[in-house]
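These values consider heavy atoms only, across backbone and side chains, with no hydrogens, waters or symmetry-generated copies. Residues: numbered from 1 along the sequence shown.
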Amino acid sequence: MVPTDDGGHIPAIYGDFVDVISKAKVEALPPRRSIDHAIDLEPGYNLPYGRIYNFSELGGAIFTQLRGLRSRAHEAGSWIWT
């Protein structure tokens, strides 16, 4: 295991990437650039609430399982990039 900047640890196989697997970097937005794009919505339009696409039955089951694994890892003091 390799220590990270936030006191956590990652598997040694990812040791070369410890500088990019940083909780501080994950929580920060990238700097503004001249090529930033915007999606202009029609005035007064509200985005719908909920998923924007449907999962197949298998895809939904896998997503639910991954969400549970992520939650348990977070409770154990680890974090998983999503």
Donor-acceptor contact present, side-chain Thr64 to main-chain Gly60, <3.5 Å: yes

Same cluster (ILVMFWY, side-chain, under 4.5 Å), Met1 and Phe17: no

Gap separating the CZ atom of Arg72 from the CG atom of Leu69, nearest 0.5 angstrom: 5.0 Å

All side chain to side chain donor-acceptor pair (under 3.5 Å) counterparts of Asp40, not counting sequence neighbours: none

Side chain to side chain donor-acceptor pair (under 3.5 Å) involving Arg33 - partner list, sequence neighbours excluded: none

Whichever hydrophobic residues join Leu29 through chains of side-chain contacts under 4.5 Å: none

Pairing residues for Leu47 by the side-chain contact (heavy atoms from CB on, under 4.5 Å) criterion, not counting sequence neighbours: Leu41, Tyr45

Tyr14: partners by ring pair (Phe, Tyr, Trp, His ring centres under 6.0 Å), with sequence neighbours left out: none

